[in-house]
Amino acid sequence: MQKNNMALSNSEETNNGVHYTQLPESDNNSGSPPTRYRQPKRMTFMILTGLVAFLLFFVAVRYGNYEETDNVNPGPVPPQETVCNMLGSNLMPLTTMTMLARGVAQGVSAKSRGHFLGARPFPWTKKMLAWQRTSFHFQPKKNWMNDPNGPLFYKGWYHLFYQYNPEAAVWGNIVWGHAVSRDLIHWQHLPVAMVADQWYDINGVWTGSATILPDGNLVMLYTGSTNESVQVQNLAYPADPSDPLLRKWVKYEGNPVLVPPPGIAKKDFRDPTTAWTTPEGKWRITIGSKVNKTGISLVYDTIDFKNFELLEGVLHGVPGTGMWECVDFYPVSKIAENGLDTSENGPAVKHVLKSSLDDDRNDYYALGTYDAVAGKWVPDNPIIDVGIGLRYDYGNFYASKSFYDQEKMRRVLWAWITESDSEAADICKGWASLQPIPRTIKFDKKTGSNIITWPVAEVENLRLNSKEFDNVKVKPGSVVPLEVGSATQLDIMAEFEVDPKVLERIDGSNATYDCKSGGGSTERGALGPFGLMVLTDSGLSEQTPIYFYIAKDATGNFNTHFCNDITRSSEATDVRKLIYGSTIPVLQGEKLTLRTLVDHSIVESFAQGGRAAITSRVYPTKAIYEDAKVYLFNNATDISVTATVKIWQMDSANIQSI
């Protein structure tokens, strides 16, 4: 085994004996913490008027167009009221100036993404923006959030830590937000858990994972960005292990406990996993990285979480996938319904390896076999290896993290749902990003080739009154309204049937269909698309279809596609509107099934019991409040569809401060 504390060139030793490579002097300025700006003080009327005019121009330039540019600090955040006034009065003009990405210069994924070249910002009103805030998904009261950190169950409470900017609705000044829950649905905000206050994390307290020890205590490993923007791994633990709310944390005095090993760049070493045990009785973790364009997961063993050994080779690597962020590694049972502790292994177990790809910002996973002695993992099917095959979610879903819930014996998945509107709109509304409904993870015993993700059962406790629509005939080219009253907080279960005799009779011609390039929900084929339209106004000018498309080739083979088209979800010009989706296994005798959770600006959909999921952020301008409707639709040319639908109104979750 290669020791992690082997000497590095031009290195100095930290106080715990771990070697740390100092950066050249020329890097010091670019790696220093971003300057913080104060809002201007009130002066004379003329000076204030001139300053506001300047800010209007500055924000107009800043938010006109977008280009992802490395190693550039996007600069200060304009005042919220200034941005709101400008958006509401449509004063933000077209411009050829560039809006810069946040986070890239610090060595993480771009945390701002605009795709609105040449588009005039929409004149958002505060009422429109207020509607976008969710009612039963977790999000902070205000400001920016991103990746979930170290979720766990401890002494009767579920804990969610998350990346948080306490100062603004954009990425930066990252600390650990903290909330607790009894049921994963109703939450209580707690004070910030950890702040960036040491040389080894002064540029950000980034993603980490918790490990519960056999004695019931826990430790937390997390990535810190140092005063020289080197990504290092640090140890923290509860100040008072008897406190079930874990309100105070202590950072180990010998931090950092891990630094980038030889051959790994200073900004390519982050996001330690939950630890699991080895056959020798040690603890093992993996950390994401890359070598050139090969994404890899480094493997370390430890006894005390303070001293680590770097294993030779890697747990796994896939050429061409780029930097692996937020790596996750855990077992799933091939025979049991319950989830498994991270240390479980054996002949009835498969291991899931998941990575968040920095290059395309999607979460990929693969099933495989883990060799605990060698510390290696091999995919069952190299054609669908990590980063080139299956995804947790085919929509807006990134930086996910799972944990084993020992209370209910299940594995629970969290993630980061990003914004896809303009940063200016985020500043105006005062918040950005949220969490999906937590999902359980199981092995799909029917297919044997994928996992199933499904909203935790507790969300069903929010269901209120319901309406059922049985055996609704949806003819080719038709749209059928479903009268449910308010349609901005819903849980929808739907089944779709197509006469199998009709399917057999129709000639195949479109087996190469693809959700993204297939023309969306309006492109008519013999056997699709058909499904639901949510967040749709009565004139159908704004609509969010979730649908199936059956493709049949000349030899009679079928491929079923599960898609979500948000290209017409909003009349606003400054939101990202894509088509999401993938093929999905449908076994002999199965109906096509769909579940969709609608919570204002987030739509989470699950097909075939959770074999595939698609999450979307949508920003309608008309289909909001009482004007949001639900429809069935069928744009197939040759088949009728029979739909059975049950729709629940959803209550709001109780999310409060203590």
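- Closest non-hydrogen pair, T226 versus I202, comes out as C-CG2, 3.9 Å.
- Checked by atom type and distance alone, the side chain of E419 pairs as donor or acceptor with a backbone atom of S433 at under 3.5 Å.
- Taking the side chain to side chain donor-acceptor pair (under 3.5 Å) definition, one finds that S521 meets it with D565, R568, sequence neighbours left out.
- Remark: W176 CH2 to L160 CG distance equals 10.0 Å, nearest 0.5 Å.
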Run the side chain to side chain contact (heavy atoms under 4.5 Å, CB included) check on K401 and T274 step by step: do they pass? CA-CA 10 Å; K401 171 64 184 173; T274 296; 3.1 Å; yes
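- Here the CZ atom belonging to F562 is positioned 6.0 Å from the CZ atom belonging to F548, to the nearest 0.5 angstrom.
- Across L594 and S605, no two heavy atoms sit closer than the pair CD1-CB, 4.1 Å.
- Closest approach of W414 to P436, counting heavy atoms only: CZ3-O, 3.8 Å.
- Annotation: ring-ring contact (aromatic ring centres under 6.0 Å, His included) contacts of Y580 (sequence neighbours excluded): none.
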What do the steps show when you test V327 against D271 for side chain to side chain contact (heavy atoms under 4.5 Å, CB included), and what is the final call? CA-CA 7 Å; V327 172; D271 310 335; over 6 Å; no
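- Nearest heavy atoms, L367 versus V332: CD2-CG2, 4.1 Å.
- Here the side chains of L434 and I602 are in contact, with some heavy-atom distance below 4.5 Å.
- Between W206 and W171, the two ring planes are tilted [angle within 30° to 60°].
- Put simply, the side chain of C428 does not reach to within 4.5 Å of the side chain of W124, judged on heavy atoms.
- Among residues at least two apart or in separate chains, side-chain hydrogen bond (donor to acceptor under 3.5 Å, both in side chains) pairs with a member in residues 287-298 are K293-D359.
- Listed for the Q543 side chain is no donor-acceptor partner under 3.5 Å among the backbone atoms of T536.
- For T453, the side chain to side chain contact (heavy atoms under 4.5 Å, CB included) partners are L413, R439, I441, I451, F606, A613, not counting sequence neighbours.
- A heavy-atom distance below 4.5 Å is not found between the side chains of T321 and D385.
- With sequence neighbours excluded, the residues that form a ring-ring contact (aromatic ring centres under 6.0 Å, His included) with H351 are F329, Y370.
- Atom CG of residue L315 and atom CD1 of residue I285 lie 11.5 Å apart, to the nearest 0.5 angstrom.
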Evaluation steps, side chain to side chain donor-acceptor pair (under 3.5 Å), between T342 and R411: CA-CA 9 Å; T342 310; R411 182 156 292 272; 3.0 Å; yes
Please report the C-alpha distance between V83 and Q80 in whole Å, then the side-chain angles of each, then the deciding distance to 0.1 Å, and finally whether the side chain to side chain contact (heavy atoms under 4.5 Å, CB included) criterion is met. CA-CA 5 Å; V83 177; Q80 181 182 27; over 6 Å; no
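- When side chains are defined from C-beta on, D421 counts as touching D426, because their heavy atoms get closer than 4.5 Å.
- In this model, no donor atom of one side chain and acceptor atom of the other lie less than 3.5 Å apart for S355 and E325.
- A donor-acceptor pair is defined here as one N or O able to donate and one able to accept, closer than 3.5 Å; such a pair exists between the side chain of Q233 and the backbone of F269.
- At distances below 3.5 Å, at least one donor-acceptor pair connects side-chain atoms of D393 with backbone N or O atoms of T615.
- Of the charged side-chain nitrogens involved, at least one lies within less than 4.0 Å of a carboxylate oxygen, so that K354 and D363 count as a salt-bridged pair.
- Within 6.0 Å of the NZ atom in K350, the count of heavy atoms belonging to other residues, nucleotides or ligands exceeds 12.
- Looking at residues two or more places apart in sequence or on another chain, you find no disulfide (SG to SG under 2.5 Å) involving C326.
- Panel note: side chain S402, backbone V412; no donor-acceptor pair is recorded below 3.5 Å.
- Not one N or O on the side chain of T560 forms a donor-acceptor pair closer than 3.5 Å with the backbone of I584.
- At distances below 3.5 Å, at least one donor-acceptor pair connects side-chain atoms of K577 with backbone N or O atoms of A572.
- With contacts defined as side-chain heavy-atom distances shorter than 4.5 Å, the pair R270/T207 does not qualify.
- The existence of a salt bridge linking K266 and E228 is excluded, since no basic side-chain nitrogen approaches an acidic carboxylate oxygen closer than 4.0 Å.
- The only option from T596, N396, L532, I614 that meets the side chain to side chain contact (heavy atoms under 4.5 Å, CB included) definition with N564 turns out to be I614.
- Applying the side chain to side chain contact (heavy atoms under 4.5 Å, CB included) test to N362 and every residue at least two apart in sequence or in another chain returns D360, Y364, R391.
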Begin with the C-alpha distance, continue with both residues' side-chain angles, and end with the deciding distance and a verdict on side chain to side chain contact (heavy atoms under 4.5 Å, CB included) for D599 and I437. CA-CA 10 Å; D599 187 6; I437 293 299; over 6 Å; no
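- In this structure, V291 and I296 have side chains that are in contact, with non-hydrogen atoms separated by less than 4.5 Å.
- Ring geometry, W324 versus H316: the interplanar angle falls from 30° to 60°, so the pair is classed tilted.
- Interatomic distance, CD1 of I287 versus OH of Y300, reported as 5.5 Å (0.5 Å rounding).
- In this structure, the side chains of E542 and T621 come closer than 4.5 Å at one or more pairs of heavy atoms.
- Contacts of W377 classified as side chain to side chain donor-acceptor pair (under 3.5 Å), with partners at least two apart in sequence or in another chain: none.
- The aromatic ring centres of F138 and Y162 sit less than 6.0 Å apart.
- Using modelled atom types, one side-chain atom of D574 and one backbone atom of F122 make a donor-acceptor pair closer than 3.5 Å.
- Of the possible donor and acceptor atoms, one in the side chain of H600 sits under 3.5 Å from a partner among the backbone N and O of W131.
- The CD atom of Q435 sits 11.5 Å away from atom CG of L184, with the distance rounded to the nearest 0.5 Å.
- Rounding to the nearest 0.5 Å places CD1 of I185 at 9.0 Å from CD1 of I655.
- The side chain to side chain donor-acceptor pair (under 3.5 Å) test applied to N234 returns no partner, not counting sequence neighbours.
- Applying the ring-ring contact (aromatic ring centres under 6.0 Å, His included) test to F443 and every residue at least two apart in sequence or in another chain returns nothing.
- Applying the salt bridge (Lys or Arg N to Asp or Glu O under 4.0 Å) rule to E571 yields the partners K622; only residues at least two apart in sequence or on another chain are considered.
- For Y365, the ring-ring contact (aromatic ring centres under 6.0 Å, His included) partners at least two apart in sequence or on another chain are Y392.
- Using a distance-only test at 3.5 Å, with no hydrogens or angles considered, a donor-acceptor pair links the side chain of T286 to the main chain of L298.
- Under the 4.5 Å side-chain criterion, counting only non-hydrogen atoms from C-beta, I417 is not in contact with E604.
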